[in-house]
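Keep in mind that this is a model prediction, so the values were computed, not measured. Every chain is numbered from 1 and lettered A, B, ... according to where its sequence line falls, protein lines coming before strand lines. When reading the values below, keep in mind they use all heavy atoms of this one structure, side chains included, and skip hydrogens, waters and symmetry mates.
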Amino acid sequence: ETGVTQSPTHLIKTRGQQVTLRCSSQSGHNTVSWYQQALGQGPQFIFQYYREEENGRGNFPPRFSGLQFPNYSSELNVNALELDDSALYLCASSLAGGRTGELFFGEGSRLTVL
Amino acid sequence: AQSVAQPEDQVKVAEGNPLTVKCTYSVSGNPYLFWYVQYPNRGLQFLLKYITGDNLVKGSYGFEAEFNKSQTSFHLKKPSALVSDSALYFCAVRDLNTNAGKSTFGDGTTLTVKP
């Protein structure tokens, strides 16, 4: 078990709605990254936050946005939900901008878009 | 660009036999390589990593992996498989010359260990 916690664990939304997912990082970790894991696929990098700033982004549209707070917790916001956004969203924390260390993952938030 | 290929969707072995889960990668700079395991409806758990140094790295639960630069591979191995090793395994690569912090994952290999 890692110290990374995510909420909610499951949620159902309809197309066009907005969703906010939350993540508390492991104690002492100052870097949080978010991944989308579609069914049967590996996690896809959405973005990373280090010292409250986005410092890396994958191939996701601007309707995917995030925040990191002074206590290093983080939010992922997705606007104008589409059916293809249905996936497991994983938060991972790490040290030092995530440059060399392993990622510590939470259990994920499973989003279903109807 | 960086990428990871796990050529086998499934690997099946008998308990007590050695296991290998294959991974090849592509990066423009020096690779940092990782293996993670995922149990059903759970997040990923770190197993081991290669950063630099000895090409054979040892990790959790008796797993090890061998970095081969010429073949751009990082295969996961275990000398004697357990039924409890049955899970989904992901290889990941990170290239510090590009997007800092971005890990690229393969699509995973389902390992089934039969009693």
Side-chain donor/acceptor pairs under 3.5 Å, residues 52-63 of chain B, sequence neighbours excluded:
{"from": "Asp54(B)", "atom 1": "OD1", "to": "Leu56(B)", "atom 2": "N", "distance (Å)": "3.2"}
{"from": "Lys58(B)", "atom 1": "NZ", "to": "Glu64(B)", "atom 2": "OE1", "distance (Å)": "2.9"}

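- Contact of Leu88(A) with chain B is made through the side chain alone, with heavy-atom distances under 4.5 Å.
- Using the six-membered ring where Trp is involved, Phe105(B) and Phe90(B) have ring planes that are perpendicular, over 60° apart on the 30 and 60° scheme.
- Gln38(B) touches chain A through its side chain: at least one heavy atom from C-beta onward sits under 4.5 Å away, while N, CA, C and O do not.
- For Gln6(A), no part lies under 4.5 angstrom from a heavy atom of chain B.
- In this structure, the side chain of Arg15(A) does not engage the main chain of Leu83(A) through any donor-acceptor pair within 3.5 Å.
- With sequence neighbours left out, the side chain to side chain contact (heavy atoms under 4.5 Å, CB included) criterion links Lys12(B) to Gln10(B), Thr112(B), Lys114(B).
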